[in-house]
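See structure below.
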There are 2 protein chains.
Amino acid sequence: MKSDFNAYNYLLQHDIKPSVQRLAIINYLYEHRTHPTADEIYAGLIDQIPTLSKTTVYNTLNLFYQQAAILSLTIDDKNVRFDIDTSDHAHFKCLNCGKVFDVPAVLDSVTAIALEHGFIVAEKHLYLKGYCSSCNESPNK
Amino acid sequence: MKSDFNAYNYLLQHDIKPSVQRLAIINYLYEHRTHPTADEIYAGLIDQIPTLSKTTVYNTLNLFYQQAAILSLTIDDKNVRFDIDTSDHAHFKCLNCGKVFDVPAVLDSVTAIALEHGFIVAEKHLYLKGYCSSCNESPNK
DNA sequence: ATCAAATTTGTAATCATTACAATTTTATAT
DNA sequence: ATATAAAATTGTAATGATTACAAATTTGAT
């Protein structure tokens with residue numbers, strides 16, 4: 001079963017010129033919905049593209065973000081994480097295992113409030129932190 | 001007109017032993033609702049406490065955060081920002097001037113959704129990004 | 001095939017934050 | 001008060017994510 005995701009067209013739709021590196025990175029994000037860091041993406045692709053530079057990963061992710069092809073998450077105070085899903089949803093980070101999960105959420109009301117205050121909203125980030133069901137059942141500390 | 005904020009009691013209420021440095025830092029946060037960074041707090045207090053160390057500022061802010069006396073904001077991907085207001089509210093960061101504003105918000109419904117997914121929620125952060133009314137009226141670029 | 005522009009790469013720099021050991025201050029027991 | 005232990009503060013060095021930058025490579029257009 002092959003992926004129905006057309007990385008090439010996805011990049012073109014966001015005015016990004018495709019390249020081997022860019023296609024690999026966007027595909028990685030499509031296949032790994034774990035909200036990976038730049039370093040994790042680099043580690044996941046270095047075998048496939050042995051010449052890959054970490055700078056390219058950072059440059060490319062910044063480009064994707066500027067073109068609104070991906071989200072940039074600051075739920076972690078150490079690293080920025082990335083998400084190919086740009087639809088309206090929230091994120092939950094487990095303080096025990098560190099995993100970041102998706103949580104369905106509608107944030108229209110908050111945008112409306114911001115508008116009432118004269119703010120023009122370009123991005124909305126809802127970050128929840130606590131303990132996921134696995135860690136809650138068998139706490140590791 | 002003097003402040004009605006009792007920094008001493010505020011620290012005691014959060015099981016924090018008061019000290020000159022801790023009182024100065026919590027007072028700074030009470031008086032500066034700009035969501036300052038550790039570095040900004042240090043710069044704001046070094047004249048008043050010439051022996052102050054930046055490490056102490058970081059240690060103290062981490063202590064305050066652990067004791068739930070302040071919020072730790074990751075709306076900025078460069079620095080962590082701090083907020084003495086621990087009540088339920090959102091934050092808006094202007095992508096032009098960089099200022100971080102408070103926005104009233106109620107996030108109970110999202111907490112409920114997270115609970116349905118088996119998550120135990122300890123913290124909620126709603127970050128909006130865009131352009132504030134000042135920057136919107138006279139764009140700087 | 002040639003030249004210019006865009007992309008990628010590797011290395012070094014930046015900068016926020018933390019680690020750690022030494023010093024100073026505070027609290028407690030005698 | 002004084003000695004002593006514990007806690008807090010300090011300064012310096014280390015860490016680690018990200019960016020700056022210049023060189024090398026690739027791509028695209030003539």
Checklist entry - OP1, OP2 of D:dT19 versus side-chain N and O of A:N62: anything below 4.0 Å? => result yes
Next on the checklist: Rounding to an integer number of Å, can you tell me how far B:Y42 OH sits from D:dG11 P?
Outcome noted: 7 Å
Checklist entry - How far apart are the C-alpha atoms of B:Y30 and B:D4, what are their side-chain angles, what is the distance that settles it, and do they pass the side chain to side chain donor-acceptor pair (under 3.5 Å) test? => result CA-CA 10 Å; B:Y30 181 81; B:D4 58 343; 3.2 Å; yes
Checklist outcome for this item: Whole-Å distance, B:F82 CZ to C:dT17 P, equals 7 Å
Checklist entry - Which of these nucleotides, C:dT8, D:dT9, D:dG11, is closest to any side-chain atom of B:R22? => result D:dT9
Checklist entry - In whole Å, what is the span from the CZ atom of B:R81 to the C1' atom of C:dT17? => result 16 Å
Item to check | A:L52-A:I16 co-clustered via ILVMFWY side chain contacts under 4.5 Å | outcome: yes
Checklist entry - Within the side chain of A:Y10, is there an N or O that forms a donor-acceptor pair under 3.5 Å with the backbone of A:A69? => result yes
Checklist entry - Which part of the nucleic acid, if any, lies within contact of B:T56, taking any heavy atom under 4.0 Å across all strands shown: a base, the sugar-phosphate backbone alone, or nothing? => result base
Next on the checklist: Both A:K17 and A:K54 contact DNA chain D. Taking the nearest nucleotide for each, which residue is further toward the 5' end?
Outcome noted: A:K54
Checklist entry - With distance as the sole criterion, do the side chain of B:T60 and the base of D:dA8 form a donor-acceptor contact below 3.5 Å? => result no
Checklist entry - For the pair made of CD1 in A:I49 and P in D:dT25, what is the distance, rounded to whole Å? => result 18 Å
Checklist entry - The side chain of B:Q21 lies closest to which of these nucleotides: C:dT18, D:dT10, D:dA7? => result D:dT10
Next on the checklist: OP1 or OP2 of C:dT8 versus the side-chain N and O atoms of A:S53: is any pair under 4.0 Å?
Outcome noted: no
Next on the checklist: Nearest to the A:N59 side chain among C:dT8, D:dT18, C:dT17, which nucleotide is it?
Outcome noted: C:dT8
Checklist entry - Quick one: is C:dT18 close enough that its OP1 or OP2 comes under 4.0 Å of any side-chain N or O from B:Y58? => result no
Next on the checklist: Of the options D:dT19, D:dA8, C:dT9, whose atoms approach the side-chain atoms of B:K78 most closely?
Outcome noted: D:dT19
Item to check | Atom pair distance, as rounded to whole Å: CG in B:L52 and P in D:dG11 | outcome: 9 Å
Item to check | Gap between atoms CG and P, on A:N79 and D:dA17 respectively (whole Å) | outcome: 6 Å
Checklist outcome for this item: Comparing nearest nucleotides in DNA chain C, the 5'-proximal residue of the pair B:D39, B:V20 is B:D39
Checklist entry - Does the C:dT8 base have a donor-acceptor partner in the side chain of A:T51 within less than 3.5 Å? => result no
Checklist entry - Could you give the CD-to-C1' distance, from A:E40 to D:dA17, as a whole number of Å? => result 13 Å
Next on the checklist: Just N and O in the side chain of B:S19: are any of them under 4.0 Å from OP1 or OP2 of D:dT9?
Outcome noted: yes
Next on the checklist: Hydrogens and angles aside, do B:D76 and B:H35 bring a side-chain donor and acceptor to less than 3.5 Å of each other?
Outcome noted: no
Item to check | Between D:dT9 (C1') and B:L61 (CG): distance, integer Å | outcome: 14 Å
Item to check | From CA spacing to verdict: salt bridge (charged side-chain N to carboxylate O under 4.0 Å, His left out), A:R33, A:D85 | outcome: CA-CA 8 Å; A:R33 302 306 184 100; A:D85 181 1; 5.1 Å; no
Checklist entry - Any donor and acceptor pair, going by atom type alone, linking the side chain of A:K129 with main-chain N or O of A:I75 inside 3.5 Å? => result yes
